[in-house]
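What follows is a single structure, written as C-alpha cells, with notes after it.
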2 protein chains.
Amino acid sequence: MTERPLACSQHNHDHCIDDALSAARTLCAERGVRLTDLREQVLALIWDSHKPLGAYTLMEMLSEESTRRVAPPTVYRALDFLLEQGLIHRINRLNAFVGCPSPEHQHHSHFLLCNDCGVAVELESDKLDKDILSAARNAGFSVEAHSLEVTGLCARCQTGKV
Amino acid sequence: MTERPLACSQHNHDHCIDDALSAARTLCAERGVRLTDLREQVLALIWDSHKPLGAYTLMEMLSEESTRRVAPPTVYRALDFLLEQGLIHRINRLNAFVGCPSPEHQHHSHFLLCNDCGVAVELESDKLDKDILSAARNAGFSVEAHSLEVTGLCARCQTGKV
DNA sequence: CCAGAAAGGTTATATAGTAACATAACCACT
DNA sequence: AGTGGTTATGTTACTATATAACCTTTCTGG
Ligand SMILES: [Zn+2]
Ligand SMILES: [Zn+2]
Ligand SMILES: [Zn+2]
Ligand SMILES: [Zn+2]
C-alpha cells in the first residue's frame, strides 16, 4: 500500500479494489472465460494504483510480488485479456492502463486525465457518445470504435491554483 | 511518387502538397519562426504520404533523400517544431503524424481513421468541441486539451463491403 | 488417465522516443 | 569583417514500449 491518490483520499480504497475484483470474477464466470491468478493479480495492481499504470511498471511490481522474473509477454497477454473483457482500458496518450468501473457493458474509452495528480476519470456520457457518432456519420464515416482523451485539471487539483 | 491513397484519388495531390507548404511558409513568416529546409522536408514528406506517418518511416525517407544518415533526434525535433506550430497533428493510437489542413488557427486533434485504407480525416466540428468541453466541465474538470480518435471505415471503403 | 486447448515462460528482437553533448548555421552588434 | 549569443542540427548512446517465435505447464472434457 503506497501513497493514496489525492482525488480518491475520501474513499475506502480497499473496498473499491475488492468490488472491482469481485465484479470481474462474476463477469468472467458468466462469460465462461478464465480470470486466472496472474490476470487477477494484474487487475488488482491496476486498481490498487488507481492511476494509469504502464506495462513495464506493472512488470516490475509483478516481479517483486513473486520472486520469479516476469517478462514483457506475460504482462501484455494478461493486459490483452483484461482489455478484451472490458475490465481495463488503455490510455493511448500515456501508454498506460486503468481499471474500468463499469465493465458489465462494453463501451468506448473516454477519459479525463489530470495533469497534476495523474488521476484518470472515466467519462460516461451517452449524449457525448451520440454526438461523436453523429459527427463521424456526417462525414460519411462508419464507426467501429472511438477514444477520447481530455487533459486538464481535476476538480480537486483546481482548488487553490486559480 | 508512390501509390495514391484511395480516399484521395480524385484530388490533385501535388497541388495539395504545394498549398500546404506555402501556407506553412506564410504562417511561419508571420510568426517569426524558421521553417528550415529540414522542417519543410519533413512536412512535405508527411503531406506526400497523405496518411499518418511514423517517425522512423520518416527517418528512413529522409535518409534515402539525403545520402547522409539521419538519426532519431533530428526527426523528432522537426516533428516537435511542426507540432508546436500546429502544422501537423500526432495520432496517439498509431504513434504517427499527419498534416493539418487548417493550421492557421490552433485547435484540438479530432480524427477519423479508416481501418482499411489508413486515411486520417480531420474532423472539424465546433459543436463537438463544445460538447466535449461541457461534458468535461460537468465532471468538474478544467480542460487544457483533448484528442478524439475514431476508427472505422471511410466513405470510400464502405462501398461494396456491406 | 489422456489428448487437445489454453495459459504462461523464455529468449530474442522490433519499434518508439529521449538524454547529453558536439558542431554548424544564423543573427545582432560592433 | 569580427565577435559572441542563440538557434538548429549532428552524433552517440540509451531508455521505454511492444511483439515474434518457440517451448513448457496447466487446465478441461472425454
Ligand atoms: Zn470503462
Ligand atoms: Zn488532479
Ligand atoms: Zn488540424
Ligand atoms: Zn478508407
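In what follows, chains are A, B, ... by sequence order, proteins preceding strands, each numbered from 1. For the numbers below, each heavy atom of this structure counts, side chains included, while hydrogens, waters and symmetry mates do not.
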Seminar exercise, completed: In this structure, CG of A:D48 is separated from CD1 of A:I17 (nearest 0.5 Å) by 4.0 Å
Seminar exercise, completed: Residue pairs passing the side-chain hydrogen bond (donor to acceptor under 3.5 Å, both in side chains) test with at least one member in residues 35-46 of chain A, sequence neighbours excluded, are A:R25-A:E40, A:Q41-A:E65
For this session: Only pairs at least two apart or in different chains count here, so list each ring-ring contact (aromatic ring centres under 6.0 Å, His included) that has a residue in residues 20-48 of chain A.
Result: A:W47-A:H50
For this session: Check whether any side-chain heavy atom of B:H107 sits under 4.5 Å from a side-chain heavy atom of B:C100, and report yes or no.
Result: yes
Exercise. Are the side chain of B:S66 and the backbone of B:L62 linked by a donor-acceptor contact shorter than 3.5 Å?
Worked result: yes
For this session: Specify the separation, in whole Å, of atom CG of B:L38 and atom P of D:dT7.
Result: 18 Å
For this session: Count the heavy atoms of every other residue, nucleotide or ligand shown that sit under 6.0 Å from NZ of A:K127, and state whether that count exceeds 12.
Result: yes
Exercise. Is there any ring-ring contact (aromatic ring centres under 6.0 Å, His included) pair reaching into residues 51-85 of chain B, and which pairs are they, with sequence neighbours excluded?
Worked result: none
Exercise. Contact boundaries of DNA chain C with chain B (under 4.0 Å, heavy atoms), 5' to 3'?
Worked result: C:dA16 to C:dC26
Exercise. Which parts of residues 79-97 of chain B get close to DNA chain C, meaning a heavy atom less than 4.0 angstrom away?
Worked result: B:R90, B:N95
Exercise. If you round to the nearest 0.5 Å, how far is CG of B:L82 from SG of B:C28?
Worked result: 8.0 Å
Exercise. Which residue, A:R77 or B:R39, contacts DNA chain D at a nucleotide closer to its 5' end, judged by nearest heavy atom?
Worked result: B:R39
For this session: Run the ring-centre check on B:H89 versus B:F111 and record whether the distance is less than 6.0 Å.
Result: yes
Exercise. Among residues 29-36 of chain A, which residues get a heavy atom nearer than 4.0 Å to DNA chain C?
Worked result: A:R34, A:T36
Problem set entry | Bend angle of the helix from C:dC1-D:dG30 to C:dT30-D:dA1, from helix axes over five pairs at each end, nearest 10° | 30°
Problem set entry | Nucleic acid contacts of residues 55-76 of chain A, taken as heavy-atom distances under 4.0 Å to DNA chain D | A:Y56, A:P72, A:P73, A:Y76
Seminar exercise, completed: Quick note, ring-ring contact (aromatic ring centres under 6.0 Å, His included) partners involving residues 15-38 of chain B, not counting sequence neighbours, are none
Exercise. Checking A:E149 side chain against A:R93 main chain: does a donor-acceptor pair fall under 3.5 Å?
Worked result: yes
For this session: Establish whether B:V42 and B:V98 are linked, either directly or via other cluster members, by ILVMFWY side-chain heavy-atom contacts under 4.5 Å.
Result: no
Seminar exercise, completed: For residues 128-150 of chain A, the ring-ring contact (aromatic ring centres under 6.0 Å, His included) pairs (sequence neighbours left out) are A:H108-A:H146, A:H110-A:H146
Exercise. Excluding sequence neighbours, so at least two apart, what forms salt bridge (Lys or Arg N to Asp or Glu O under 4.0 Å) with A:D129?
Worked result: none
For this session: Apply side chain to side chain contact (heavy atoms under 4.5 Å, CB included) to B:E30 and list each qualifying residue two or more places apart in sequence or on a separate chain.
Result: B:T26, B:L27
